[in-house]
Amino acid sequence: MIRYILWRIMVMIPTLVMISMLIFTIIELPPGDYFESYVEELKAIGEKADMQEIEELRARYGFDQPEPIRYLNWVGGMLKGDFGYSFEYRMPVSDVVGDRVWLTILVSTVTIIVTWLIAFPIGIYSATHQYSWGDYGLTLLGLIGLAVPNFVLALVLMYLANIWFGTSIGHLMDQKYLNEPMSWDKFKSILEHIWIPVIIIGTAGTAGMVRRVRANLLDELHKQYVMTARAKGLHPFRVLIKYPLRMSLNFFISDIGSVLPHIISGAEITAVVLSLETTGPMLIRALQSQDMYLAGSFLMFLAFLTVIGVLVSDIALALLDPRIRLRGGSTK
Amino acid sequence: MENNVQPASLTHFVRQEPFDPYAVETDRGGTSDLDQASQLRLMWWRFRRHKPALISGILLIAAYVMILFVEFLAPYRVHTRHMDYIYAPPQSVHLFHEGSFVGPFVYGMSMKLDMVTLQRVYSEDTSKVQPIRFFCRGENYHFWGMVKSDLHLVCPAKEGQMFLMGTDRLGRDMLSRIIYGARISLTIGLLGVTTSFVLGIIIGGLAGYWGGWFDLVTQRVIEMLHSIPSIPLWLALAAIMPADWSPLLIYLGITFILGLLDWTGLARAVRSKLFSLREEDYVLAAQLMGAGSARIIGRHLIPGFMSHLIASATLTIPSMILGETTLSFLGLGLRPPITSWGVLLTEARTVSIVALYPWLLLPVVPVIFVILAFNFLGDGLRDAADPYK
Amino acid sequence: MTERGDLLRVENLSVSFPLWGGTIEAVRNLDMRIRPGKVTALVGESGSGKSVLGRAIMGIETPVARTSGQIIFNDPERDEPLDLLSLPHDGRKIRSIRGNRIGMIFQEPMTSFSPMHTIGNQIDEVLRVHSILSPGERRERCEDVLGRVGFENPGRAFDMYPFELSGGMRQRAMIAMALICRPALLIADEPTTALDVTIQAQILKLLREAQAKLGMAMLLITHDLGVVASMADEVVVVYRGQVMEAGTAEDIFRNPQHPYTRGLMQAVPDFNMARDERLKPLREIKVDTAGLMQRTGRTEAKTDIILSVRNVTKSFLPKRSQGFGARPSAPTVAVNDVSFDIKRGETLGLVGESGCGKTTMSKIIMRGLTANSGTVTYNGDNGPIDVLNAEGQALQELRTRIQMVFQDPVSSLSPRMPVRSIISEPLEIHARGDAKSRQEAVQRLIHAIGLPDSALSRYPHSFSGGQRQRIGIARALALGPDLIICDEPVSALDVSIQAQILNLMKDLKKELGLTYLFISHNLAVVNYMADRVAVMYAGRIVEIAPCEIIMRNPVHPYTKKLLAAVPLPNLDCPLDFEAIGQPSAAAKKVWATQFKDDGNPDSLIHADLGGGHWVLARRNVDARELRP
Amino acid sequence: AYVDSDYVRRPDLKEPLPPIDQRLPKVPRVVKLEGDKAPGRLGGTIRMLIGGQRDIRYMPINGYSRLIGYNPKLELETDILESFEVKEERIFTFRLRDGHRWSDGSEFTTEDFRYVWEDMFLNKKLYKGGIPASLKVDGKAPKFEVLDRLTVRYTWEDPNPDFLADVASPSPTRLMHPAAYLKQFHPKYQTPEKLAELVAKSRVEDWVALHQLKSRVVRPENPALPTLDPWCNRTEPPSGQFIFERNPYFHRVDEKGQQLPYIDRVLLDVSSPGIISAKAGTGESDLQVTNLDFSDYTFLKSAEQRYPITVDLWKRTQGSRMALIPNLNCKDPVWRGLFQDVRVRRALSLAIDRDEINKAVFYGLGQKSGNAILPDSPLYRDEYRLAWADLNLDKANALLDEVGLTKRNWDGIRLLPDGRPMTIIVESSGENAFETDVLELVNDHWLEIGVKIFIHISQRELLRRRIKGGDTIMTVGPGLDNGVPTPDMSPRELAPTSDDQQQWPLWGLYALSNGHDGKPPDLAEAIALQDLMGAWRRAPSSEERTRIWHEMLHIFTDQVFTIGIVNATLQPIVTARSLRNVPQKALYGFDPTAFLGVYMPDTFWLDKEAGK
Ligand SMILES: Nc1ncnc2c1ncn2[C@@H]1O[C@H](COP(=O)(O)OP(=O)(O)OP(=O)(O)O)[C@@H](O)[C@H]1O
Ligand SMILES: Nc1ncnc2c1ncn2[C@@H]1O[C@H](COP(=O)(O)OP(=O)(O)OP(=O)(O)O)[C@@H](O)[C@H]1O
Ligand SMILES: [Mg+2]
Ligand SMILES: [Mg+2]
């Protein structure tokens with residue numbers, strides 16, 4: 001196992017190199033650069049831009065150099081822990097990201113946990129009570145959640161929340177706590193606000209999860225080993241949890257790879273609509289304004305998380321399913 | 001422990017009925033066409049018993065047939081504007097006028113512009129009875145952009161209007177727009193899902209079945225695709241879509257992109273599932289029969305988690321239909337004058353619409369219906385393919 | 001009948017399965033009873049509803065099944081008799097009985113375990129549910145039981161995954177699981193099908209002991225009338241879900257009345273049969289063997305050796321390293337330097353202890369596993385093929401020429417293919433004929449194995465164990481191969497069907513010149529089928545000789561023990577459990593020195609005793625010394 | 001006696017501030033509040049919403065404290081300056097207010113001008129190109145003199161009528177910076193060690209970057225940077241909320257002697273642009289104009305009932321809310337030829353049903369107009385507005401036929417001389433939702449004259465690049481930036497002067513680069529406009545400038561260089577009901593009104609008694 005993990009970690013290096021190239025191409029792909037978009041932005045409201053300053057900035061950040069050199073500079077910087085400079089914010093990338101990461105992690109983890117907490121019981125119920133009214137009802141509910149685009153849901157919820165509860169529209173907390181250190185009141189304010197994004201981001205995911213859990217369980221429920229377990233006198237619920245459920249976790253675990261980066265980037269559009277203080281909107285903004293180091297380094301961070309996530313997922317998969325772990329005897 | 005009376009041993013019992021050793025063979029009361037039935041046929045029989053699935057299937061087929069005839073079905077053309085009926089709310093269909101039966105009709109509407117709020121206030125004008133006509137001559141259209149015609153399934157009364165789902169900010173009939181939008185929305189989902197499934201199953205299947213280098217490489221590719229959130233990918237891919245592409249090409253391009261980005265999750269699921277399934281004896285049996293990888297994956301392994309696949313497919317379709325809304329949000333993707341449900345929904349993306357003109361959110365309804373239908377259909381298919389049923 | 005006395009009474013039980021286009025009535029108005037501490041054997045053809053009855057007693061039949069009648073369980077530890085059928089489904093009461101008071105050994109040991117959990121975990125679970133022992137005590141008890149069912153290293157087995165065990169080992173684990181709570185009633189559904197006779201004897205002995213010590217009653221479902229004769233106190237004969245004849249073992253064996261019972265008795269192969277005598281199945285099937293298999297242009301073979309195996313060795317690395325970084329333990333040598341030849345048109349029987357590497361060997365020949373070393377050569381129509389390294393065209397030829405019948409009928413059939421597709425698949429793969437001719441071929445095959453047409457559109461799981469095995473055979477026959485490797489092809493079959501199948505195989509061999517490698521635990525069957533027999537022990541072939549010689553004149557102590565352990569369907573020669581019921585590892589100690597390797601495997605070679613009789617013995621021993 | 005807000009005496013201040021009369025200049029600017037404005041009460045906090053962190057740049061614009069600025073009637077008035085003097089349109093003498101201080105209390109003197117001129121403009125590192133181009137006339141920089149502690153003078157060789165307009169513009173060329181503060185970042189005044197330390201602390205590359213970072217006034221991101229604005233930023237970015245505090249040294253007082261601004265604090269909450277209207281409609285902003293669109297009005301107005309807000313409509317000052325701009329410099333020779341033919345431009349303009357568009361998109365509240373100036377400008381004449389702006393399909397068709405575009409395809413679309421159908425790809429950045437609607441309507445209108453359009457959306461920078469490269473045929477843009485010009489404001493938007501002009505980017509570039517780049521105009525009318533532009537510069541009197549303006553306006557509108565559609569459209573503005581002194585009707589635009597600037601948000605005040 002240890003050798004396997006080491007080997008997997010080795011493999012990560014070329015992957016990350018490839019990813020960094022890919023990311024670099026992606027952020028370079030749209031024509032123009034940040035400064036051009038900055039000038040346009042200024043012009044849009046009629047302002048003039050100081051072209052001299054722009055030219056100097058261009059030169060300073062090496063935009064006049066050929067792409068491979070810029071790529072090397074960027075990667076080299078990252079290796080040294082320097083994630084570059086955000087033109088938009090005019091400060092080092094690491095300072096920009098700052099707090100947002102924590103809020104994002106908060107929102108996403110809460111969402112993911114809520115999703116799981118809801119999806120698994122419902123999925124199990126649906127599978128064991130296939131075609132009951134409960135199954136149909138829950139399916140319907142979940143699918144409606146799936147069918148309504150997040151931003152519509154966001155708008156409606158936001159509007160209703162404001163009309164009914166007077167919760168301020170959007171954001172993760174009342175504005176007055178924005179610059180304050182964490183306090184009980186701030187926390188309460190966050191709690192007051194967090195349910196909207198959690199519902200919005202969570203519904204689609206929950207519905208999907210329910211359907212998958214249900215489907216996978218249905219595949220397993222009729223296996224002989226389930227009967228064996230019942231013959232032992234186990235409670236049907238325990239049977240379910242220990243055997244079919246564990247078997248059907250397979251799909252779930254192979255998904256971990258994408259869960260990790262999701263925790264950080266998660267549900268950008270919803271976050272934009274709700275103007276949450278998370279990293280998603282920042283990333284989109286950076287991409288659109290071609291704030292390339294901010295976007296690039298952030299993407300690289302996400303990529304790193306994914307790679308780790310996939311590793312974790314592979315290891316977990318192996319731990320979960322001995323058939324995968326112990327694949328040795330039969331070589332084709 | 002032997003505190004009970006030991007029961008007597010068995011008395012010798014012999015059944016007296018005549019014995020027919022061949023009875024077993026006639027036991028199965030199957031009809032002969034059952035015996036002959038192919039696997040597909042059997043599945044169809046089983047599918048038929050699943051009523052919601054059957055209904056969903058019929059509905060979906062109807063919907064897909066419908067998109068061939070949208071020009072005929074829609075009361076108006078997509079872009080027909082009614083400048084006097086901007087933001088008109090849905091009209092209700094009545095049958096009785098002042099107690100007497102008239103057949104389906106709508107009342108005329110009169111509009112007053114509230115000069116303070118600049119809101120158009122519509123009221124029903126019960127003096128104007130506008131019967132709805134069927135199979136009628138209405139607006140001209142070019143059927144599939146070619147044959148000229150003016151036959152409609154339903155039309156408003158002559159000189160009248162009929163906005164059963166209201167109108168939008170240019171006074172366009174929402175019902176007609178939704179009907180037209182089905183053309184793109186229904187196909188984009190299917191095309192996208194097909195792309196992603198073909199890729200996902202083939203690549204994931206081979207990776208899971210072969211393992212080794214192929215797996216290693218595809219996993220890394222997937223990792224790479226996974227590791228970049230879809231939005232930057234979209235932005236980048238959209239940036240390279242040539243500026244002078246026609247709307248149709250852009251539509252195809254986007255479908256393809258949606259599909260292209262979606263296969264990775266499925267491929268990973270397929271792969272990890274195959275990892276465990278390929279150790280089964282029946283796989284070995286198939287190998288020993290000389291079956292090729294494609295056959296083993298396609299006929300032996302994939303059916304083993306059909307449920308998951310069907311569930312994924314039914315879950316992917318909505319995300320494809322709605323995927324373009326996300327794209328539109330970023331200023332990519334489809335745009336008017338192309339009409340799809342996603343486009344219609346993105347046009348309704350402000351709170352003021354939710355508050356003032358909620359009927360503009362109606363395109364959600366067909367989306368819900370389609371997704372429900374696909375789901376029940378999926379359920380039905382799953383059961384039909386499930387031998388344990 | 002005393003009301004209170006019976007441990008279990010089944011009254012008027014009916015179980016049916018609704019299927020589209022009719023229902024299958026698996027059990028019809030069946031009455032029977034089991035006395036405490038006694039063994040009741042349930043015999044009957046494959047598909048006669050025996051397993052369904054067993055499952056119905058446990059209350060674990062699938063919910064689709066419609067059940068009516070009464071099953072009254074009179075637990076000696078309880079005062080009240082209970083109607084098991086009337087208890088709430090999966091309720092508390094029935095759960096406290098399952099696994100605890102009534103144990104069950106499932107027919108399919110291969111799939112009855114969850115592949116995700118270790119054997120130990122799954123066995124231990126029974127104790128966890130029904131007892132209040134500490135983890136340590138539980139493990140001790142599990143290992144104890146595992147040891148008693150014949151695992152040499154119970155501690156290791158405890159931590160192994162089901163797919164790491166051979167079929168027989170899994171079955172034994174299953175038995176261990178059923179016994180661990182010392183139930184009052186054990187439902188043993190074919191508990192020994194996957195076991196070789198010595199281990200079978202060992203297990204039967206174990207069951208006997210349990211029965212005697214704990215007063216455990218047993219419902220023994222089996223096809224093997226020999227086992228019935230050695231074990232049963234009472235016998236119930238069922239056919240199509242109905243009891244045909246019931247009585248004490250004496251009654252049934254000495255005085256069978258019902259034609260069905262008599263038919264079954266006659267169908268059993270007997271050591272004393274003449275070489276060319278045919279078995280008499282209940283239903284003789286007439287098959288047109290010529291039309292059955294479509295053989296492509298057959299040229300007269302040049303060599304008469306169709307397959308030769310030379311020095312094949314295969315070892316498995318241990319899978320579960322103890323936590324991270326622990327040193328891997330020594331590999332299991334499953335096949336150790338095995339060489340033999342199979343002549344064209346003959347049947348080579350391969351017998352041996354469970355787990356001695358028979359399946360592994362056959363999979364190597366099929367290229368299902370890669371050998372560590374050695375060669376296998378197939379002499380086909382187009383010249384010799386190096387089996388282990390064949391590629392492309394040659395490999396495809398092998399795939400059509402050599403077929404295999406798997407030991408485990410359940411897992412070797414794709415669960416999601418109807419039988420029609422399963423059988424026609426090889427034809428499709430090798431593009432034989434068109435859709436119509438394939439369809440006809442499939443029908444001929446399904447008739448040949450005695451299944452009705454309606455079976456074609458059903459899925460494997462809805463067949464009884466024996467029916468599934470036959471499907472596997474039909475599939476192997478479809479392509480008309482030269483060599484069929486049969487890994488326990490009839491272990492799951494009842495004697496009647498077994499007779500049918502064996503006859504069929506014999507006919508095919510005679511008329512089409514088929515060659516078989518016939519792996520079986522059932523020496524009587526081997527005796528009936530095989531021309532030559534190879535005996536394997538711990539990965540090595542210890543003795544190989546023509547059939548009569550082995551059967552009449554075995555040399556190697558293991559062969560002798562094997563023969564002694566064959567249960568005969570005859571009340572007059574019961575098994576001597578004391579003599580043969582000891583574990584083989586223990587038995588090995590008393591082998592004559594010339595057969596022992598003393599820790600150095602190289603010290604043994606095959607000694608020629610003449611007449612094609614070889615035996616594994618010390619290098620320096622004289623052939624004559626070997627004969628006792 | 002002057003009065004100031006209690007806010008400057010709040011207990012958490014580290015050091016008490018000097019008394020009010022020491023903080024005000026000797027002669028503060030006394031703001032007369034007349035008309036519907038009246039003196040108010042000091043104190044209070046208002047909230048505003050911004051669509052992104054960078055939008056704090058609206059603060060210096062809205063604060064609008066300039067050396068000289070416009071008043072609501074668009075006349076120039078001194079603001080920061082005590083007085084100024086202009087001689088021969090080329091010698092400008094500015095006199096500062098004695099005792100005027102930066103927001104940190106340091107004195108504001110001519111040293112601050114000198115610092116900018118000598119230590120910044122003339123520093124080769126900070127300004128590679130030397131004196132900013134906007135200060136040069138025909139490539140020649142002025143002479144800068146410090147006359148005394150409070151007086152500076154700029155002298156050009158030729159007249160520079162643009163100078164005062166630039167000084168009064170929403171984002172002027174900064175002539176002064178707080179020297180006392182900035183010197184610490186300048187190697188001339190700072191030891192290299194200390195400078196290196198500061199560079200490292202700010203994590204920038206060198207002192208140039210440091211200086212630029214610390215001296216940015218366009219986006220007041222440096223809380224430490226002293227300012228002359230009414231409010232100064234107190235929040236270090238990045239943040240979701242920026243707090244602007246009153247400048248205790250601000251130089252304006254009302255008639256009662258209360259120091260402005262009335263409002264103590266302005267909170268700028270960062271929201272995503274999409275929900276700003278929703279939030280404004282739930283009373284979460286006390287003063288909101290940006291990110292509100294006309295289409296939000298109904299929603300906002302209906303929210304008046306639920307929340308204590310007032311929604312008014314101001315008039316936008318653009319020459320056209322949206323104009324279709326043919327690219328006279330496009331690469332495609334066929335289209336270039338056609339667009340340079342005035343008949344084609346006129347035909348296209350004539351074929352647009354502006355009334356329908358006005359009605360459908362702007363509730364009939366806009367004004368049908370070509371791209372021209374608004375009635376609020378003294379230069380306004382109906383003929384400019386209505387030049388070729390009335391729907392006349394016959395005439396349009398006739399014009400196109402006259403050009404020779406007579407052939408049509410089966411669909412009724414005219415064919416270009418080279419046989420292509422006459423499909424115009426209209427490119428837009430797609431930022432305004434109503435654009436697509438308008439284009440859809442225009443498409444229908446143009447189909448009547450056999451012209452089809454196809455809308456293509458691309459990102460703004462990409463679009464801009466394509467325009468400059470001549471890749472676009474027609475684009476969508478706003479009309480004239482300044483729709484309410486006075487004769488003294490530059491008519492540069494009417495003539496080729498800049499490469500940003502979408503109708504003639506190459507000609508504009510030629511003018512901008514003094515002939516180094518781009519192409520000289522080859523169309524008589526464009527050349528005429530360019531000449532007139534030069535004449536305006538040299539014009540000695542206001543009357544002369546008025547005449548030139550009219551001549552240019554006539555040519556510009558008669559030639560239909562850009563096809564305007566509707567102007568004088570309305571802009572909703574949401575204010576808290578208790579916020580006073582916000583005009584109900586006003587002009588809204590960047591130049592010259594500096595958004596809210598000329599209406600002086602520092603005179604807005606919160607009436608605490610106002611019923612909630
Ligand atoms: N789940 C099921 N659905 C439909 N039919 C079933 C099902 N299980 C068993 N049967 C049918 O019930 C009959 C009895 O099956 P059962 O497994 O009890 O046979 P058996 O006596 O155990 O045979 P064998 O000795 O071959 O194991 C068979 O014909 C089988 O096809
Ligand atoms: N995939 C595997 N991984 C590890 N060990 C294995 C594997 N397959 C078989 N073995 C081991 O190899 C040995 C021989 O197994 P094999 O299945 O060939 O026995 P067998 O002779 O067929 O026994 P049975 O008669 O019980 O089926 C056993 O000890 C078994 O544990
Ligand atoms: Mg059975
Ligand atoms: Mg085996």
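Reminder, nothing fancy here: chain letters follow the sequence lines and each chain counts from 1. Excluded from the calculations below are hydrogen atoms, water molecules and symmetry mates; all remaining heavy atoms, backbone and side chain alike, are included.
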* Validation row: C:R95, A:L234 side chains within 4.5 angstrom (heavy atoms) -> no

For the atom pair [atom1] ([X]) and [atom2] ([Y]), what is the distance rounded to the nearest 0.5 Å?
X	Y	atom1	atom2	result
A:M227	C:M104	CE	CE	8.0 Å
C:S114	A:Q224	OG	CD	12.0 Å
A:T228	C:Q122	OG1	CD	8.0 Å
C:E125	A:K232	CD	NZ	4.0 Å

* To do: For residues C:H117 and A:Y225, establish whether the separation of their ring centroids is below 6.0 Å.
  => no

With a 4.5 angstrom heavy-atom cut-off, which part of [X] approaches chain A: side chain, backbone, both or neither?
X	value
C:N121	both
C:R128	side chain
C:R92	neither
C:F106	side chain

May I ask you to check whether over 12 heavy atoms, not counting those of [X], lie within 6.0 Å of atom [atom1]?
X	atom1	value
A:L79	CG	yes
A:Y125	OH	yes
A:M18	CE	no

* Structure fact -> Scanning both residues in full, the closest heavy-atom pair of C:M58 with A:A231 reads CE-O, 3.3 Å

* Asked: In terms of heavy-atom pairs under 4.5 Å, which option from C:S315, C:P115, C:G99, C:G103 contacts chain A the most?
  -> C:P115

